[in-house]
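Below is one structure, written out as structure tokens, with a few remarks after it.
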Amino acid sequence: MRNPGNTATPETVDSQRRILLIGLDGVRWDIAAEPEVGSTLQKLAAEGSWHSMQMEVPTISAPGWGSILTGSTHEQHGLRDNSCVGGRTWNRPDFLSQAFYQDQSTRTFAAAGWPVLVDPSGLGPIIHPRIEQQYAGLHRVIVRDGETYGYERVDAEITDFTLAAIHGGSFDVGFTYCCSVDDAGHVYGLMGDEYRVAIRSVDQHVERLVEAVNKRTNEHNEDWLIIVTTDHGHIDEGGHGGSSERERESWVVAWSPTGALPAWPSQIEPHRLASYILAERESWNSTPGLLQ
């Protein structure tokens, strides 16, 4: 939600555009859009922009996030399931790595409770660890294990780490991820209260992140772009992986506290999102008219 007291405009903020990509696993928009379910997501979509996205088959998390995060098709990154067997993500750098390679002063951040995304000792990771940049203080990775300790608890921890990073101004391009909604969909299906309760919970996490970004904009004249997306849908009974419309459906919400939004198409291909994000930051940061 845009802060009514925010006086920062695209002409007065710092010339650097900061990016936060929020990944919410397995969130079906038609349910998030119900009254009093995804209230923050609805407000971000109303104030920002909403884009549809159709995922490739198989509609499974590792291939889906592989496409979103690396800007690659399933054929290119080689991920077919969550085992990551046959994957070629070491040859397909994620968008954080690509941002760093564009400008090696870029500070990046990733936090997730699903080890496939961030844990070098796990089945992935899709996000490259870039140990040299971690030693240099240019890349930070937060790894938690929601598979073992439960995603409701771990999502809250991941959000707290991300809030601390935002408040500290410690990154330029970041990614944070919650998985409890997908977990609820698998266990309970989508027609009961449990799936909606899970969406309300991650919606509150998103609200806290938005408030922190608003505070940075107001107090430090920073410009931010927040992007929220999901990797697949679910059938009503719970589950995904197939080619049905419900399983393939995804969405992207873009929002900025200054109202400066990217001119993205109404329908986005999953493997195009990373390049859109990178192009937006590069274009913004090279525009002299946006200097403070």
Side-chain angles (χ1 to χ4, degrees), residues 19-29 31-34 37-45 53 55 59-62 64-66 68-69 82 94-96 109-119 122 124-127 140-166 171 173-188 190 194-213 226-234 238 240 249-255 270 273:
I19 304 284
L20 177 62
L21 175 63
I22 303 173
L24 305 179
D25 205 294
V27 176
R28 233 174 66 182
W29 184 262
I31 296 179
E34 291 177 0
V37 177
S39 301
T40 302
L41 294 174
Q42 293 171 33
K43 289 180 180 179
L44 294 181
M53 190 160 70
M55 304 305 294
T59 49
I60 298 173
S61 291
W65 288 117
I68 291 169
L69 295 174
N82 291 339
D94 59 88
F95 82 106
L96 301 177
F109 172 88
W114 188 37
V116 167
L117 294 177
V118 291
D119 190 350
I126 294 173
I127 299 289
R140 188 181 182 199
V141 180
I142 304 297
V143 178
R144 288 295 181 269
D145 186 357
E147 294 290 304
T148 300
Y149 298 105
Y151 281 107
E152 184 176 1
R153 166 186 168 182
V154 166
D155 285 356
E157 292 181 6
I158 290 297
T159 302
D160 285 343
F161 276 110
T162 308
L163 285 169
I166 294 171
F171 69 87
V173 184
F175 170 67
T176 189
Y177 167 90
C178 294
C179 194
S180 54
V181 176
D182 184 62
D183 202 34
H186 283 291
V187 175
Y188 301 107
L190 276 65
E194 295 87 353
Y195 187 75
R196 287 156 179 80
V197 168
I199 293 178
R200 291 188 190 100
S201 178
V202 299
D203 190 79
Q204 290 173 356
H205 296 330
V206 173
E207 182 179 28
R208 294 172 67 204
L209 295 171
V210 169
E211 289 173 351
V213 164
I226 291 180
I227 305 115
V228 192
T229 191
T230 193
D231 57 329
H232 55 70
H234 269 272
H240 53 86
E249 68 181 46
S250 180
W251 47 270
V252 177
V253 169
W255 177 88
L273 181 59

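Please read all numbers here as calculations on a predicted model, not as lab measurements.
- A heavy-atom distance below 4.5 Å is not found between the side chains of Y177 and L24.
- Between L69 and L21, the closest side-chain pair of non-hydrogen atoms falls below 4.5 Å.
- The 12-atom threshold is not exceeded at CD of E152, counting heavy atoms of other residues, nucleotides or ligands nearer than 6.0 Å.
- In this structure, NE2 in H240 is found 6.5 Å from CG in D25, a value given to the nearest 0.5 Å.
- Using a 4.5 Å cut-off on side-chain heavy atoms (C-beta onward), I158 and Y151 make no contact.
- A distance of 12.0 Å separates CG in L96 from CD1 in I126, rounded to the nearest 0.5 Å.
- S61 and H232 share a donor-acceptor pair across their side chains, judged by distance under 3.5 Å alone.
- Considering all non-hydrogen atoms of both residues, A110 and I127 come closest at CB-CG2, 3.9 Å.
- Taking both residues in full, the closest heavy atoms of F175 and G23 are given as CE1-N, 3.9 Å, listed atom of the first, atom of the second, then distance.
- Nearest heavy atom pair, residue T40 against residue D203, reads N-OD2, 2.8 Å.
- What you find for G233 and R28 is that their closest heavy atoms are CA-CG, 4.3 Å.
- Here D155 does not pair with R144 in a salt bridge; the nearest charged N to carboxylate O distance is not below 4.0 Å.
- Ring-plane geometry between H234 and Y195 is classed as perpendicular, the angle between the planes exceeding 60 degrees on a 0 to 90 degree scale with a lower cut at 30.
- Shortest non-hydrogen contact noted between A112 and V118 is O-CG2, 3.7 Å.
- No side-chain heavy atom of W251 sits less than 4.5 Å from a side-chain heavy atom of M53.
- Within the 4.5 Å cutoff, side-chain heavy atoms of T176 are placed close to those of L20.
- Shown here for A32 and V27, the closest heavy-atom pair between the two residues is CB-CG1, 4.0 Å.
- Under the 3.5 Å distance criterion, with hydrogens and angles disregarded, no donor-acceptor pair is assigned to the side chains of D119 and W114.
- Not one N or O on the side chain of D231 forms a donor-acceptor pair closer than 3.5 Å with the backbone of G64.
- Between W255 and I227 there is no side-chain heavy-atom pair separated by less than 4.5 Å.
- Checked against I22 for a side chain to side chain contact (heavy atoms under 4.5 Å, CB included), the options V253, T162, L209, T159 give a single hit: L209.
- Distance alone, capped at 3.5 Å, is enough to place a donor-acceptor pair between the T230 side chain and the G26 backbone.
- Taking the salt bridge (charged side-chain N to carboxylate O under 4.0 Å, His left out) definition, one finds that R196 meets it with E34, sequence neighbours left out.
- E194 CD to S180 OG: the interatomic distance, rounded to the nearest 0.5 Å, is 13.0 Å.
- We find the CG-OH distance between D183 and Y188 to be 8.5 Å, quoted to the nearest 0.5 Å.
- Using modelled atom types, one side-chain atom of N82 and one backbone atom of A62 make a donor-acceptor pair closer than 3.5 Å.
- When side chains are defined from C-beta on, V206 does not count as touching V202, because their heavy atoms never get closer than 4.5 Å.
- Taking CD from E249 and CE from M55, the interatomic distance works out to 12.0 Å, rounded to the nearest 0.5 Å.
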